[in-house]
Each structure stands twice: as structure tokens, then as C-alpha cells.
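Can you keep this structure in mind? I'll have questions shortly.
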Protein chains: 2
Amino acid sequence: MRYTLEDIARKAGVHLSTASRAMRNDKLISAETSSKVRELAKKLGYRPNAMARSLANQKAMAIEIVVSTIPSFANPMLVQNLVGVYEIAELNDYDIFIGTSEGTVQDWSTVLRAFQERKADGCLVFIGSDDFVNDPPDKLFSKLLPVVFVNNMVRHQNTGSVNFDNFQGGYLATKRLIELGHKRIAFIGPGKERLTRERIRGYHRALKEAGVKTSQELYVERQYDMTGENGATAMKQLLQRIDFTAVFCSGDWMALGAMEVAKSQGLSIPGDISFIGFDDIHLAAHVTPSISTVKQDGEKAGRIAAKILVDLMKGNAVPDGNLDITIPVELIERESIGPAPR
Amino acid sequence: MRYTLEDIARKAGVHLSTASRAMRNDKLISAETSSKVRELAKKLGYRPNAMARSLANQKAMAIEIVVSTIPSFANPMLVQNLVGVYEIAELNDYDIFIGTSEGTVQDWSTVLRAFQERKADGCLVFIGSDDFVNDPPDKLFSKLLPVVFVNNMVRHQNTGSVNFDNFQGGYLATKRLIELGHKRIAFIGPGKERLTRERIRGYHRALKEAGVKTSQELYVERQYDMTGENGATAMKQLLQRIDFTAVFCSGDWMALGAMEVAKSQGLSIPGDISFIGFDDIHLAAHVTPSISTVKQDGEKAGRIAAKILVDLMKGNAVPDGNLDITIPVELIERESIGPAPR
DNA sequence: GGCACTTATGCAAGGGTTTGCATGGATTGG
DNA sequence: CCAATCCATGCAAACCCTTGCATAAGTGCC
């Protein structure tokens with residue numbers, strides 16, 4: 001048997017509205033009545049109907065997590081983010097549900113739908129590609145649905161963003177390679193992602209500072225995800241057309257794929273080529289050789305993003321400076337890098 | 001501006017209820033009126049309020065995904081499952097949200113809550129541990145909330161399950177090792193998980209069929225997850241106390257961790273020790289040496305589980321035989337196994 | 001002891017849909 | 001031409017909760 005508030009009220013001998021207030025510990029209700037109602041509710045296992053409550057409150061008490069496609073969850077960084085998000089969501093009584101942009105990168109329909117159907121009070125967007133944000137429909141923002149972007153940025157009303165300091169990451173990694181004597185440093189990554197472009201900026205800055213000439217041939221931009229396969233393909237192209245002594249990969253998976261190719265061609269790591277990745281996925285420390293990388297605190301990013309979103313959803317005033325956050329990164333040195341071969 | 005059905009009705013010059021039916025293409029409404037209403041709704045961007053609709057229908061049109069903790073998503077098999085689940089959910093207009101059992105394995109509170117608060121019409125449980133199912137509260141099932149278990153099994157009313165043929169997997173893997181001449185084959189896995197226990201059964205069966213004596217010392221059961229760390233720890237214990245030529249690991253991550261330990265101790269794979277894993281995670285093919293493993297079609301499991309759940313939620317009759325499904329597995333041979341050293 | 005307050009509770013509208021039943025007009029058949 | 005039918009639409013209750021306002025009972029004051 002599932003009880004309704006009315007059942008509880010009747011059995012407790014009070015009015016429906018009194019029971020409602022009692023359940024939420026409203027100070028209007030006497031401590032005596034209040035506890036009587038609450039105990040009865042507890043005994044009967046009563047729980048308020050979330051839909052009715054949402055309807056009355058005009059709050060869904062839910063956050064939509066937007067990813068491009070479900071396999072995105074295979075990205076360990078996203079999982080880390082999620083841990084942080086969940087922590088904050090739970091603390092604030094928000095449920096979390098999943099939406100996809102259905103592959104069509106430019107597709108805002110999920111976000112819009114969540115809002116229009118009032119299934120969520122806000123969205124957390126984990127899509128890094130530019131396409132997604134270049135031309136957000138006015139419809140969306142004019143309606144003031146709170147949205148927080150992770151690894152992306154859209155400045156608008158009711159919008160926040162959380163990004164790692166990708167520029168700094170690219171800079172630190174490249175600088176370290178230069179310190180080790182490398183001059184010809186290749187880059188592999190998906191150029192359509194905002195975060196990769198930032199890393200490239202850091203890469204260029206470090207090269208420029210050191211007076212190392214950059215060459216267009218040293219880039220390989222893959223169109224899409226940072227998968228091992230893409231890393232491997234890019235590596236094969238690089239090996240065919242140019243010589244170099246180090247590779248900076250915009251993602252550990254890509255680094256892993258690229259390293260496999262190098263190994264299979266009999267190259268020694270880091271003897272012949274040094275590799276440096278990005279993300280510090282769990283695996284990076286567990287392969288041979290272990291991968292040097294730029295570490296990002298994914299849980300922290302998730303927590304911050306969720307906090308901003310909660311504030312926006314609750315209508316709390318958030319100082320402009322706290323809406324767009326950049327999180328520092330850290331270089332982790334492991335076996336995959338070494339002095340440049342002479 | 002967000003419109004309500006009443007707005008649409010007024011502008012279309014019809015009654016609220018007529019508009020409601022028109023939106024759903026009810027045959028009661030004339031084609032003319034119907035299309036007039038629908039076009040107007042489309043033009044104004046009207047979308048029904050999901051909460052109000054849920055309240056009226058007594059359907060949340062949502063599925064809750066229950067995992068033990070968020071980091072479970074780091075398990076690639078779960079992600080594969082999710083791909084399948086999402087496909088079916090979307091097809092049937094169900095939303096998906098995430099719940100955890102909050103670490104306390106025995107905690108059914110999330111599942112109960114989803115049901116009591118009517119936020120979900122059914123649950124998909126991705127928790128393999130026995131604790132979780134040993135003593136499910138009657139409350140739960142007496143209320144007939146549809147639940148489908150993946151990698152676990154609870155036979156009850158309104159309940160389904162999807163499991164891989166773990167027995168067969170354990171059997172095939174072990175048999176292959178035996179064919180390669182191995183006699184002392186160790187096992188590593190979390191014994192509290194139903195799926196691992198099945199694999200152990202298969203392992204024993206193969207040994208028994210071949211007349212190979214099994215030894216208690218060859219097991220190492222780790223309490224919890226199939227992480228690389230646990231695999232490594234177990235491997236260290238094994239190496240200290242006994243000699244063997246092959247290890248069957250109940251999970252590729254464990255195999256990877258165990259292999260790292262072996263390599264770090266100067267053992268050659270598969271020269272000195274053969275390794276075989278389970279799951280065929282993406283990574284298995286990309287490490288050196290690549291890992292032989294038992295492959296499971298995760299997406300298929302997800303799809304089947306979701307289909308069963310949808311049927312249960314909709315009240316469709318499901319023949320008893322279609323409620324508990326076992327999916328075949330396949331042995332994938334890679335570099336990590338070879339003939340037993342003599 | 002009447003007045004102004006405070007405190008605890010009840011009343012009823014409102015939130016946006018769905019849906020069984022009633023109604024009114026048009027159509028058919030005898 | 002009227003009764004019987006049918007079709008399209010309107011009416012109102014129901015889903016379950018929240019909340020501003022009204023009411024009733026209890027307190028203190030002069």
C-alpha cells in the first residue's frame with residue numbers, strides 16, 4: 001500500500017495542510033503535532049510523491065548531465081567529474097539524469113527538451129567541441145535555463161563554465177620536453193575541441209619562448225575523440241612524413257595508441273621518442289612504460305561545476321567572477337620521457 | 001515564454017481537453033481540429049509539462065540505473081551496458097537517471113526511494129555482489145516495482161535478470177590453458193560476486209574434466225572490486241606462496257594489475273606465466289602483451305535488460321522463460337597465453 | 001473583562017495534464 | 001419528420017502536494 005499525504009493526515013487526525021507542513025518541520029506547526037505526524041508517516045513508510053511536489057513547487061529537483069553520446073562515459077575524466085557532481089547533487093537533494101546530444105554535435109534539442117518539459121532545473125554540459133557552442137539558439141538562453149559547461153565556455157546569462165588550465169598544461173609539458181633537449185616535438189590531438197586548442201597555444205608559447213622553430217608538419221589533428229585508435233593513426237602518419245624526438249598528445253589514450261605504434265615499429269621509449277599525455281587517467285601509471293602526463297583533478301571540476309549550477313538553479317546571487325572557473329593542472333613525470341637522443 | 005496547454009487551447013479556440021487529445025492524435029478529435037491545434041503548438045514551441053503529465057498518468061517515464069557507487073562507471077563493461085540500455089530507453093521514451101546504493105552494499109534505500117517517490121517506474125540494477133540480493137526487503141517486492149538485475153539474480157515477482165554465461169567463460173578459459181599444457185592454474189577474483197563464483201565453477205569443471213588436481217592455495221579471492229590494484233596485490237600473494245604457470249583473472253583490470261607485478265619481478269609473459277582475463281575491455285588489445293580474455297557483448301546485455309524492464313513496466317505479459325536471460329561468451333586469444341614452460 | 005496579539009490549525013486555490021461522462025449538432029433510417 | 005445513432009467537443013474530477021489567507025483558541029495587559 002502506498003500512502004498519500006491525505007491518508008497520513010486523516011490517521012493523525014489533522015488537516016492535509018497541517019500534515020504537509022509538519023512533514024517539512026514548518027515552525028508554524030506545534031512541536032507536538034509535528035512529531036505525531038512525522039512518526040506516523042515514518043511508521044507507515046510514507047514518502048511524498050515527487051511528481052506532485054514538483055508540480056506544486058515548480059521545481060524538478062533534477063540536473064541533466066549532457067554528453068555527446070553514451071560511450072563518452074568511457075572517458076575516465078568524465079567519470080571523475082561525475083563523482084564530484086554526484087556528491088554536490090546529493091547534498092542538495094538533486095537527482096541526476098542523463099541526456100545525449102545524439103551524436104549531432106550541434107544539437108541542443110536535449111537541453112531544450114529538458115527545460116521545456118521541466119524535467120530538469122538545470123544542465124551540466126560535458127561536451128568540449130566548438131560546434132556545440134558556436135551558435136547556441138537564442139531560444140535557449142533567453143529562457144534562462146541555467147547551464148554550466150565543463151571543458152567548454154559560453155558566456156551568457158545564467159551560464160557558468162569550468163575549465164582546466166589547458167594552456168598552462170600544454171606549456172608545462174612542452175617546456176619540460178625542451179628542457180630535456182628536444183627540439184622537434186610533434187603534437188597530436190583533436191583540433192576542434194576547445195581544450196585542445198588551448199593546449200596547442202601552450203605548446204606554441206613554450207616553443208616560442210625557447211626559440212624553437214615550429215613546423216606545420218608536426219601537427220596531426222584528428223577530427224574526433226581522443227581514442228587510442230586515433231592516436232595510433234596519427235602516429236603512423238607522423239612517422240611516415242617527418243622525424244621528431246618527442247610527441248605531446250592531447251590525451252592519455254591517444255598517447256597510449258601512439259606509443260603502441262612506436263613500439264611495434266621497434267622504437268624505444270623514451271630512448272628514441274619521448275611521449276607525454278594529458279589527463280592522468282588511471283591507466284597511465286600502469287602501462288609500460290608508464291606515461292608522463294598532465295594531471296587534472298576531475299572530481300574537483302565536477303564539484304565546482306555542480307556548485308555553480310546549484311547556485312544558479314536556486315537563484316542565489318553568484319558574483320560574476322565565480323561563474324567561469326579555471327582549475328590549475330600539474331605535470332606528472334613518469335617513464336615515457338627522457339633526454340633527447342643526440 | 002513557456003506555454004501551457006490552456007494557452008494553446010485558448011488560441012486555437014477549443015477547449016483544454018480537446019487540445020489535450022489533439023496533441024496525442026486521439027481519434028476522437030476531427031483531423032481538422034487536431035492539426036490546427038498541433039500546428040499552433042508547434043509554432044509556439046509548446047511542450048507538455050512532464051511533471052503534470054506524470055502526475056496525471058501515474059507514470060514517471062523514467063528508469064533508474066542503480067550502481068553501487070559512481071566510480072563504477074569507470075568499468076567499461078558498465079558503459080557498454082549503458083549504451084544498450086539507452087538505445088532501448090530512448091526508443092520507448094524513458095528517461096534515465098542515476099542512483100547509487102551509497103557504498104553500503106546491502107542498502108536498498110535508493111531503489112525503494114525511487115519507487116516510493118515515484119521518480120522512476122522501474123530500476124536496472126548493476127550490482128553483482130551477493131550481499132545486495134541475499135535478503136531483499138519484502139517491502140520492495142511486495143510492491144511490485146519492476147527491477148531487472150544485470151550480473152545478478154533475484155527471482156521474484158516483477159523481476160528479471162540478465163547474466164553472461166560466466167560458467168562457460170570460466171570453463172573455456174581454463175580448458176584452453178590446460179590444452180596449452182598448464183597444470184597449475186591460479187585464480188584471482190572477488191568471490192563475493194555471483195559472476196565470479198560462476199566463473200570459478202567453470203574453472204573447476206574444466207580442471208576436473210582434465211583430471212587436474214585443484215589446490216586451495218591457487219585461489220586468491222579479493223573482497224571487492226576487480227581493480228588493477230586488487231589484481232596486483234593478489235598476484236604478489238600468489239608469487240610468495242606457491243608456484244604456478246598460468247593465472248585466470250576474473251576481470252581484465254585485475255589481469256593487467258597482476259601482469260604488471262609479474263613483469264616487474266622479471267617474469268616473462270607468456271614465457272613464464274600465461275594470463276587470461278575476462279570482459280575484453282577496450283584496453284585488453286592495446287597493452288603489451290595483449291591480454292587473452294573472455295569477451296562479453298555488453299551492449300546486448302544492456303539492450304535485453306532494458307527490454308525486459310520496459311515490458312515489466314508497461315505491464316506486458318512476459319513469458320517466464322524470457323525473464324532470466326543468459327548470454328553466451330567467447331574466448332579471445334591474444335599474446336598473454338602460451339604453452340606451459342616445461 | 002474586553003482588547004490587541006500571538007500561536008496553531010483549517011480552508012481552498014493553484015500547479016498542468018488526462019479522461020470518463022455529458023452535451024449538442026449532424027446524419028441516417030423508417 | 002421524428003427517433004435513433006454517431007461524431008466532435010466541452011465539462012469537471014482526479015492526480016498529490018504547497019501555501020497565502022482566514023479562523024479559532026490561548027495569552028497578556030490595563
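Since this is a predicted model, take the numbers as computed values, not measurements.
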For this session: Let me know the distance between CD1 of A/I29 and C1' of D/dG20, rounded to the nearest Å.
Result: 14 Å
Exercise. Please give, in whole Å, the distance from C/dT17 P to B/I8 CD1?
Worked result: 9 Å
Exercise. Does the side chain of B/R24 come under 3.5 Å of the side chain of B/S20 through a donor N or O and an acceptor N or O?
Worked result: yes
For this session: Quick one: label B/S20 by what it contacts on the DNA or RNA (base, sugar-phosphate, nothing), any heavy atom closer than 4.0 Å.
Result: base
For this session: Please determine if B/R303 and B/E87 form a salt bridge, counting it only when a charged side-chain N lies under 4.0 Å from a carboxylate O.
Result: yes
Seminar exercise, completed: Which of B/T326, B/I327, B/V150 passes side chain to side chain contact (heavy atoms under 4.5 Å, CB included) with B/F164? Answer is B/I327
Problem set entry | Distance test, side-chain N/O of A/R53 to OP1/OP2 of D/dC16, below 4.0 Å | no
Exercise. Hey, does the side chain of A/R24 come within less than 4.0 Å of D/dT19's phosphate (OP1/OP2), counting only N and O?
Worked result: yes
For this session: Would you classify A/S54 as touching base, sugar-phosphate or nothing, given that sugar-phosphate means primed atoms plus P, OP1 and OP2, and contacts are heavy atoms under 4.0 Å?
Result: nothing
Exercise. Between B/Q58 and B/T18, which has a closest nucleotide on DNA chain D that is more 5'?
Worked result: B/T18
Seminar exercise, completed: Whole-Å distance, B/K119 NZ to D/dC15 P, equals 21 Å
Seminar exercise, completed: To the nearest angstrom, the CG-P distance between A/L16 and D/dT19 comes to 13 Å
For this session: Measure the distance from NZ on B/K36 to C1' on D/dA8 and round it to the nearest whole Å.
Result: 12 Å
For this session: Find the distance B/H15:NE2 to D/dA12:C1' and express it as a whole number of Å.
Result: 8 Å
Exercise. Of B/L55 and B/V14, whose closest DNA chain D nucleotide lies nearer the 5' terminus?
Worked result: B/V14
Problem set entry | Atom CD of B/E6: over 12 foreign heavy atoms under 6.0 Å | no
Problem set entry | Protein-nucleotide distance (A/M23, atom CE; D/dT19, atom C1'), rounded to Å | 17 Å
Exercise. Looking at B/Y46, does any N or O in its side chain come under 4.0 Å of the phosphate oxygens OP1/OP2 on C/dG16?
Worked result: no
For this session: Give a yes or no on whether a donor-acceptor pair under 3.5 Å exists between the nucleobase atoms of D/dC11, that is its base, and the side chain of B/S17.
Result: yes
Exercise. Whole Å only: how far is the CG atom of B/D7 from the C1' atom of C/dT17?
Worked result: 13 Å
Exercise. Looking at D/dT18, D/dG10, C/dT18, which one has an atom nearest to any side-chain atom of A/A56?
Worked result: D/dT18
Exercise. Want to settle it: does B/N49 or B/R21 sit nearer the 5' end of DNA chain C, counting the closest nucleotide to each?
Worked result: B/N49
Problem set entry | Given C/dG16, D/dT9, C/dT9, the nucleotide with the shortest approach to the side chain of B/L28 | D/dT9
For this session: Determine whether the aromatic ring centres of B/F73 and A/F73 lie less than 6.0 Å apart.
Result: yes
